[in-house]
2 protein chains.
Amino acid sequence: MSIRTTHKNQEHKDPGEFEDVAGEEKLRPRERIVSAACELFRTHGIRGIGVDAIADAAGTNKMTLYRHFGSKDDLICEVLRSTSRKAARVWDELEASYPDNPKAQLRGWIAARAKCLEYEPYGCDLANAAIELKEQGHPAHSVIEEFKLQQRQRLADLCSRAGMKQADLLADMLSMLLEGARVSRQAMGGEGPSTQFAKACETTISSLEHQH
Amino acid sequence: MSIRTTHKNQEHKDPGEFEDVAGEEKLRPRERIVSAACELFRTHGIRGIGVDAIADAAGTNKMTLYRHFGSKDDLICEVLRSTSRKAARVWDELEASYPDNPKAQLRGWIAARAKCLEYEPYGCDLANAAIELKEQGHPAHSVIEEFKLQQRQRLADLCSRAGMKQADLLADMLSMLLEGARVSRQAMGGEGPSTQFAKACETTISSLEHQH
DNA sequence: CCTGATAGTTACCGACCGGTCACACTCATG
DNA sequence: CATGAGTGTGACCGGTCGGTAACTATCAGG
């Protein structure tokens with residue numbers, strides 16, 4: 001097995017044409033594959049794209065893909081984990097943007113989610129994967145569930161730190177509003193209920209704040 | 001065991017065993033196919049099941065399926081239209097249950113949706129189809145969009161008739177809560193935010209009712 | 001220079017996909 | 001009895017799927 005060999009493998013391919021995402025030709029095959037798979041899963045669906053097309057888009061080939069990932073299901077899990085890590089980083093950045101100001105962090109969260117809703121027609125990759133992969137026991141399900149639990153917890157913590165009453169209920173309501181806005185966006189385009197997401201969040205927050 | 005996958009005789013003179021959904025042996029092939037496809041799409045995903053398996057589950061064969069539906073895409077649209085009609089009937093029944101009492105109808109809507117959330121792990125077939133079928137221009141998309149617009153309008157009308165202020169905003173919020181609860185249910189099982197759906201609806205309603 | 005790890009290439013496999021064909025069968029109606 | 005519509009049957013098509021085999025090319029480190 002190959003691990004930890006302090007290898008500094010570098011680009012040894014002729015600097016020819018690379019057809020897809022800019023900057024990717026500097027990455028190693030594994031990262032390129034994950035990145036290409038993520039994008040293709042998003043645009044074609046997980047079941048809608050084949051491993052050959054993924055390897056092609058990553059500027060490599062199927063054999064290399066299968067050396068890094070034992071199966072397509074493995075690749076799916078890895079892509080989902082990568083997206084999950086990216087989302088955690090976004091959370092970290094949000095909290096760092098308004099240090100010691102949880103109320104501003106909450107406002108920032110709403111604004112950021114609303115902006116994504118406006119400009120990204122696809123929803124949450126993890127949620128979409130959960131809907132697309134119905135086979136129970138699929139390894140992706142545990143990745144998805146763990147991610148969703150973590151997101152929910154982070155949101156509940158934020159609500160709590162922001163001094164909200166019934167922070168858990170508020171977090172669940174905001175979670176549902178976001179998830180619902182994303183699926184509405186996919187089902188009926190940019191003219192549906194998703195346009196009211198930010199206002200819905202603010203209404204919900206102030207209603208739980210001023211009650212009692 | 002001698003394999004008797006399909007008997008030669010037609011279903012009229014053979015009231016014997018049919019393996020799937022009860023009562024279907026009385027229907028004609030077309031309805032059986034739609035019904036079987038609906039169930040299989042739900043459990044395996046639209047891309048996850050083949051036409052042969054659908055025909056098999058419907059107690060018929062692929063040729064008959066293709067005589068009634070020109071293509072799998074046609075069948076998908078027909079299944080979605082059928083589900084859409086069924087949902088419209090549920091709306092009619094709800095309104096008939098509490099005649100001239102829109103407030104009770106709204107309460108009934110919340111209760112019914114909460115009950116479905118509890119007992120049906122799958123979400124909205126139309127929304128799931130929108131997520132699964134990414135190819136733009138797919139004929140299913142217009143069916144889905146029309147359905148979602150209609151559901152949204154019915155809910156907004158109900159809110160308005162129930163005397164709610166900002167009925168459109170309320171309808172969009174309830175739509176997002178429902179859609180989000182359904183996708184949460186699929187992504188994290190029965191322990192997620194979907195358990196708070198009814199309470200979230202009530203909180204939202206009373207917050208819009210008492211504000212000003 | 002040799003070796004071992006990584007990557008690229010080509011070809012291949014069996015399975016299944018959506019879709020079509022020709023043909024036999026059944027049955028209600030005339 | 002004749003007919004024609006609806007259905008069942010099994011073979012078949014070209015294409016694609018996930019996955020593998022065998023071989024070659026590159027390069028780092030000893």
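Chain letters run A, B, ... following the sequence lines, proteins first, then strands; residues in each count from 1. FYI, side chains are in, hydrogens and waters are out, and symmetry mates aren't considered; it's all heavy atoms of this structure.
For residues 59-71 of chain A, the pairs satisfying salt bridge (charged side-chain N to carboxylate O under 4.0 Å, His left out) are A/Asp52-A/Lys62, with sequence neighbours left out.
In this structure, A/His138 and A/Leu133 approach most closely via the heavy-atom pair CE1-CD1, 3.9 Å. In this structure, B/Ile46 and B/Lys72 approach most closely via the heavy-atom pair O-NZ, 2.9 Å.
The interatomic distance linking B/Tyr66 (OH) with D/dG10 (C1') rounds to 17 Å, in whole Å. C/dT6 atom C1' lies 8 Å from atom CZ of A/Arg28, rounded to whole Å. Atom CE of B/Met63 and atom C1' of C/dG18 are 12 Å apart (whole Å). Across the protein-nucleic acid pair, B/Leu133 atom CG and C/dG18 atom C1' stand 15 Å apart, rounded to whole Å. Rounded to whole Å, the distance from CG on B/Leu65 to P on D/dG6 is 16 Å. For the pair A/Arg30 CZ and C/dA5 P, the computed distance is 18 Å after rounding to whole Å. Rounded to an integer number of Å, the gap from A/Lys62 NZ to D/dT20 C1' is 9 Å.
The stretch residues 67-77 of chain B touches DNA chain C through B/Ser71, B/Lys72, each having a heavy atom under 4.0 angstrom from the strand. DNA chain C is contacted by B/Ile49, B/Gly50, B/Val51 of residues 43-53 of chain B, taking any non-hydrogen atom closer than 4.0 Å.
Shown here are the side chain to side chain donor-acceptor pair (under 3.5 Å) partners of B/Arg42, two or more places apart in sequence or in another chain: B/Asp125. The salt bridge (Lys or Arg N to Asp or Glu O under 4.0 Å) search around A/Arg182 returns A/Glu179, not counting sequence neighbours. A/Glu95 is linked by a side-chain contact (heavy atoms from CB on, under 4.5 Å) to A/Trp91, A/Gln105, A/Arg154, A/Arg161, counting only residues two or more places apart in sequence or in another chain. The side chain to side chain donor-acceptor pair (under 3.5 Å) test applied to A/Gln153 returns A/Asp157, not counting sequence neighbours. With sequence neighbours excluded, no residue forms a side chain to side chain donor-acceptor pair (under 3.5 Å) with B/Arg107. When the salt bridge (Lys or Arg N to Asp or Glu O under 4.0 Å) test is applied to A/Glu120, no partner is found at least two apart in sequence or on another chain.
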Please write out the pairs of protein N or O atoms and N or O atoms of nucleotides 13-16 of chain C separated by less than 3.5 Å, giving the distance to one decimal.
none

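For the helix from C/dC1-D/dG30 to C/dG30-D/dC1, the rotation axes defined at the first and last 5 base pairs enclose an angle of 0°, given to the nearest 10°.
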Which pairs would a plain distance check flag for residues 189-201 of chain B, meaning a side-chain donor or acceptor within less than 3.5 Å of a matching protein atom at least two apart in sequence or in another chain?
{"from": "B/Thr195", "atom 1": "OG1", "to": "B/Gly192", "atom 2": "O", "distance (Å)": "2.9"}

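Note that CD1 of A/Ile54 is 6.0 Å distant from CG of A/Leu40, once rounded to the nearest 0.5 Å. A distance of 11.5 Å separates CD1 of A/Ile144 from CE of B/Met188, quoted to the nearest 0.5 Å. Here CG of A/Leu178 is found 7.0 Å from CZ of A/Arg113. Values are rounded to the nearest 0.5 Å.
Close to D/dT7, at under 4.0 Å from its OP1 or OP2, lies no side-chain N or O of B/Thr60. Between B/Thr64 and D/dG8 there is a side-chain N or O to OP1 or OP2 distance below 4.0 Å.
The side chain of B/Asn61 approaches D/dG8 more closely than any other nucleotide in the set D/dG18, D/dG8, D/dT7.
Side chains of A/Thr64 and A/Asn61: a donor on one and an acceptor on the other come within 3.5 Å.
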